[in-house]
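So you know, we letter chains A, B, ... as the sequences are listed, proteins then strands, and number each from 1.
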2 protein chains.
Amino acid sequence: TYAYEALPVAEWFRRNREIAGFQNSARAMYQTVRELVENSLDATEPYGILPNILISIKPVDESKSWYSIYVEDNGIGIPGGEIPNVFGRVFYSSKYKIKQHRGVFGLGLKMVVLYAQSTTNKPIAVRSATIRSDKIYEYKIMIDTTKNEPIIIDRREYNNKYRWHGTAVKVIIEGNWLNSKKRIEDYLRRTAIISPYAEIFFKGPDMELILKRRTTKMPHPPEEGLPHPKSVDVDTVKQMILENPKSTLMEFLMNNFDGIGEGLAKSFLEWAGLDPNKVVGGLTQEEVTYLAEKLKAYEGWRRPRADWLSPAGAELLEVGARSILGAEAVFAVTRKPSSYSGHPFIVEAAIAWGGQIPPVDKPILLRYANKIPLLYDEGADVARKVVDEFNWQNYKVKLPAPLAVLIHVCSTKVPYASAGKEAIAEISEIEEEMRLALRDAARKLRIYLSRKEREMELLNK
Amino acid sequence: TYAYEALPVAEWFRRNREIAGFQNSARAMYQTVRELVENSLDATEPYGILPNILISIKPVDESKSWYSIYVEDNGIGIPGGEIPNVFGRVFYSSKYKIKQHRGVFGLGLKMVVLYAQSTTNKPIAVRSATIRSDKIYEYKIMIDTTKNEPIIIDRREYNNKYRWHGTAVKVIIEGNWLNSKKRIEDYLRRTAIISPYAEIFFKGPDMELILKRRTTKMPHPPEEGLPHPKSVDVDTVKQMILENPKSTLMEFLMNNFDGIGEGLAKSFLEWAGLDPNKVVGGLTQEEVTYLAEKLKAYEGWRRPRADWLSPAGAELLEVGARSILGAEAVFAVTRKPSSYSGHPFIVEAAIAWGGQIPPVDKPILLRYANKIPLLYDEGADVARKVVDEFNWQNYKVKLPAPLAVLIHVCSTKVPYASAGKEAIAEISEIEEEMRLALRDAARKLRIYLSRKEREMELLNK
Ligand SMILES: Nc1ncnc2c1ncn2[C@@H]1O[C@H](COP(=O)(O)OP(=O)(O)OP(=O)(O)O)[C@@H](O)[C@H]1O
Ligand SMILES: Nc1ncnc2c1ncn2[C@@H]1O[C@H](COP(=O)(O)OP(=O)(O)OP(=O)(O)O)[C@@H](O)[C@H]1O
Ligand SMILES: [Mg+2]
Ligand SMILES: [Mg+2]
């Protein structure tokens, strides 16, 4: 009755892998491809490297539905000493920063390894070289789930004669190609839409997909920021204090947060009734709670900056929506930066009309978050709710209509509803921005439809 | 660029609490109530104790939206030495067993503590006494997120003069009563529907809810089982081998799995071409992979047992659906036990018709898993898909119609789509059983509607 057990973190994720998108072999195959591709895009685009990504899926043992999945990129690579950690430790990442990346959790690779380990008992194989490195490292790795540590099955080093840089990953998993091929193709095509500077070559068991680079122009890479004072809670403030207990309140504000200069720090501390010279390590629990509360409440901060973000841009969305949907017309908008709880975000939307879009009762919805196409859990995504509640009649649209919507949210913190990164949780500021983006795009649609209406009337005279 | 960071597990969940249902203060208030209530029901019902649960929500500081949430039960309590672990260690639980419980992750209480700690900086207060204990223990606890350990702020012991047993928990959080009250009331009413033997008394800031016990008859409690051979993957087999490396294959099978007697073990090993006397610690990696594969593939196992489950029963669902929905008629079914990947499950469904149910285009859906009402993420739940795809016309139902559906899944492993336990992931066996349950109930509805139709015709003659 009173028998308690502590579960090690890696074992917990291994047993509960359905919450990270690995609930069946078809979905696991899809999730494996996307976790690897998203890592490859994160390792190229932000560093000014035009991404070249090669993906190859081959049956290994059809009787057991075993497939090998190979993904290679020309990115910045992983330092030899870090490869075991990056593949073998849950919650190990270079992306725990105030900056827009596709990756956020420090979990993706580890879930792939845990799934392979649980279905085929095969280690993950990695080859990687960092930029200008004279060595290429090759590892075979599994995860010791009791200790959350890598098990290095094999390790080799080669001379990097041709100065290659990048990462190649190969894993053998139990999959279901028939039930995942459509989604994998969909995902790759939709990735190419929003990242037209990427070249993706996919070779599957019975198909090939060549998504050529359509531009060499890359978006301005996001910078790394400090947190906004509105984004921290009292526990985070306590952690910041522990890191530098000897700083004064003045220094604490100016060193830990974005956009707090001396003047602004002074006016905040005056407004909050706090002494600028007080040493933060000496604050009581009540004072720390009070400080955290005031950081959130103060109305005088500069707004959270969008320098840490990298939106797609209205032009790219128009080109993309037109090509993927075969639309007659596309109207795209990029909203001004906004924020929720101190986290900056930008919503972009595109409405596609007519052409090859079939008349639908419910508008087709293409969702993106930080340039990742979201294909599952649409019903749990706030975007679906916004599109369904939208009053299309106000914009001369009578359903059913040949209508599709693309919504892209980029943020330093996308509020994903689950560890599988498939749906965005209901955050009121984001929901509101989605409505406004849809409204802005719909106004352009209305102008277009009114003009078409008048043209029809003239023709009919 | 190459700057990596390891995040401690408790800190990861604190920062990513939206994936556990704590994405905003209204939802966090709801999630806090349900995590505590579910723990109280788990601590009473399976032990033959008629649950008495008291819930009290009070504003503590309206300017900051701070509320205290107090939940008390008459359950089996928590041993004094275990209280800090149970509240202060992520992935610490008594429910990592082959048995139907509401709790599954070993995360609920810890998320509540982390949320309180992050918003109000207040420790959680606990009072508990186990059955027949001469002591009552009181603690104030926070979590050290760097070490995943409890911080004991205060600890007291009292003589348990009146032999009370149970647990009382009080937490102070930043909440949003206005935006969560409807959901909290809904949740408690729906809990009372499926657990009519529970008495729930709820006192909120501006309302009171008294849900009296409607029966003293409790469902047969589930037993604790061993895993079914089809439910283990190769990593789990390796862990079992490490626990008893000196066992023979024969002993390994008979001791680790449910329903494998000597005869069945012999026939399996013969079929698989394995030596019954082989010591498991001496198996090679290939042999272990082979063994795991054969355990899954063998068709001769007994089917997974439902002794570890505790369904509600058709009668209870009918009474419940009728009372909560004010329906004119209710048709309920409990399907025979089934299984997916070796995990036994039972689907129960009830279709409610007419009375106070308004005509709807999309049938109202009440979802339950292991007797927990699921209120959010309906769009991500396989049950919504099943209800929407159901061919109601075949059963004399023409939409819009006054129609509501209740679906309950109970299993030793409910495949939740996220750590917030709100939706069931798409598992084909479960989806199929839901369709069949709906069909069985709909057939009864059709008979009823045909009879009503004939009565109308007779009246109209
Ligand atoms: N192809 C790659 N090239 C370079 N670095 C990589 C590559 N793939 C992974 N990494 C590194 O390994 C780390 C761990 O990757 P992993 O996918 O597990 O987590 P993440 O991408 O940080 O977050 P998420 O769980 O959301 O994917 C990354 O943060 C990155 O630093
Ligand atoms: N009211 C209670 N009475 C007795 N024991 C309790 C009570 N609440 C919690 N516990 C014990 O504390 C453990 C941890 O609870 P917690 O809610 O964190 O996890 P869980 O219920 O096991 O799983 P889940 O995360 O799905 O809720 C439980 O497994 C149970 O043993
Ligand atoms: Mg990743
Ligand atoms: Mg619990």
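Counting only distance, with no hydrogens or angles, the side chain of B:Trp12 and the backbone of A:Phe91 share no donor-acceptor pair below 3.5 Å. Looking only at distances, a side-chain donor or acceptor of A:Tyr2 sits under 3.5 Å from a matching main-chain atom of B:Ile76.
Within the 4.5 angstrom heavy-atom criterion, no atom of B:Ser428 approaches chain A. Neither the backbone nor the side chain of A:Tyr290 comes within less than 4.5 Å of any heavy atom of chain B. Heavy-atom distances place both the backbone and the side chain of B:Ile131 under 4.5 Å from chain A. Only the side chain of A:Glu82 comes within contact range of chain B, with heavy atoms under 4.5 Å apart. Only the side chain of B:Lys97 has a heavy atom closer than 4.5 Å to any heavy atom of chain A. Of the two parts of B:Phe13, only the side chain, counted from C-beta on, holds a non-hydrogen atom closer than 4.5 Å to a non-hydrogen atom of chain A. No part of A:Val104 comes within reach of chain B, as not one of its non-hydrogen atoms sits under 4.5 angstrom from that chain. B:Glu11 touches chain A through its side chain: at least one heavy atom from C-beta onward sits under 4.5 Å away, while N, CA, C and O do not. For chain B, no part of A:Leu114 is nearby; none of its heavy atoms comes within less than 4.5 Å. The parts of A:Phe105 that come within reach of chain B are both its backbone and its side chain, each placing non-hydrogen atoms under 4.5 angstrom from that chain.
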- Task: Please lay out, stage by stage, how B:Asn121 and A:Glu286 fare under the test side chain to side chain contact (heavy atoms under 4.5 Å, CB included).
- Result: CA-CA 9 Å; B:Asn121 198 17; A:Glu286 276 63 35; over 6 Å; no
- Message: Apply side chain to side chain contact (heavy atoms under 4.5 Å, CB included) to residues B:Val234 and A:Thr119 and explain how you reach the verdict.
- Response: CA-CA 6 Å; B:Val234 59; A:Thr119 53; 6.0 Å; no
- Report the C-alpha separation of B:Arg27 and A:Glu426 in whole Å, then their side-chain angles, then the decisive distance to 0.1 Å, and conclude whether the side chain to side chain contact (heavy atoms under 4.5 Å, CB included) test is met. CA-CA 10 Å; B:Arg27 189 78 184 262; A:Glu426 268 187 56; over 6 Å; no
- Message: Is there a side chain to side chain contact (heavy atoms under 4.5 Å, CB included) between B:Lys64 and A:Glu293? Walk through the geometry before answering.
- Response: CA-CA 8 Å; B:Lys64 301 189 269 192; A:Glu293 194 198 317; 3.1 Å; yes
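Under the 4.0 Å criterion applied to side-chain N and carboxylate O atoms, B:Asp233 and A:Arg17 are assigned as salt-bridge partners. Ionic pairing of A:Lys413 and B:Glu18 is present here: one or more N-O contacts between side-chain nitrogen and carboxylate oxygen are shorter than 4.0 angstrom.
Distance OG/B:Ser418 to CG/A:Asn16: 11.5 Å, rounded to 0.5 Å. From B:Lys421, atom NZ reaches atom CD1 of A:Ile19 across 11.5 Å, with rounding to the nearest 0.5 Å. Atom CD of A:Gln23 and atom OH of B:Tyr416 lie 15.0 Å apart (nearest 0.5 Å). Taking NZ of A:Lys95 as the start and OH of B:Tyr4 as the end, the distance is 9.5 Å to the nearest 0.5 Å.
Per-residue heavy-atom pair counts under 4.5 Å with chain A were compared for B:Arg15, B:Arg89, B:Glu422, B:Gln239, and the maximum is reached by B:Gln239. Most heavy-atom pairs under 4.5 Å with chain A, from the set B:Gly77, B:Ala3, B:Ser93: that is B:Ser93. Counting heavy-atom pairs closer than 4.5 Å to chain B, the top-ranked of the candidates A:Asn24, A:Leu7, A:Thr1 is A:Leu7. Among B:Asp381, B:Thr130, B:Ile427, B:Val232, the residue with the largest count of heavy-atom pairs under 4.5 Å with chain A is B:Thr130. By number of non-hydrogen pairs under 4.5 angstrom with chain B, the leading residue of A:Ser341, A:Ser94, A:Ala423 is A:Ser94. Heavy-atom pairs under 4.5 Å with chain B were tallied for A:Ala6, A:Ala425, A:Ala380, A:Ser118; the largest tally goes to A:Ser118. Interface remark: of the candidates A:Gly420, A:Pro79, A:Gly21, A:Pro79 forms the most heavy-atom pairs closer than 4.5 Å to chain B. In terms of heavy-atom pairs under 4.5 Å with chain B, the best-connected choice from A:Arg384, A:Lys238, A:Glu378 is A:Lys238. In terms of heavy-atom pairs under 4.5 angstrom with chain A, the leader among B:Pro415, B:Gly106, B:Ala419, B:Gly379 is B:Gly379.
Counting non-hydrogen atoms of neighbouring residues, nucleotides and ligands closer than 6.0 angstrom, the NZ atom of A:Lys140 reaches no more than 12 such neighbours.
Looking at A:Arg14 and B:Thr236, their side chains do bring a donor and an acceptor atom within 3.5 Å of each other.
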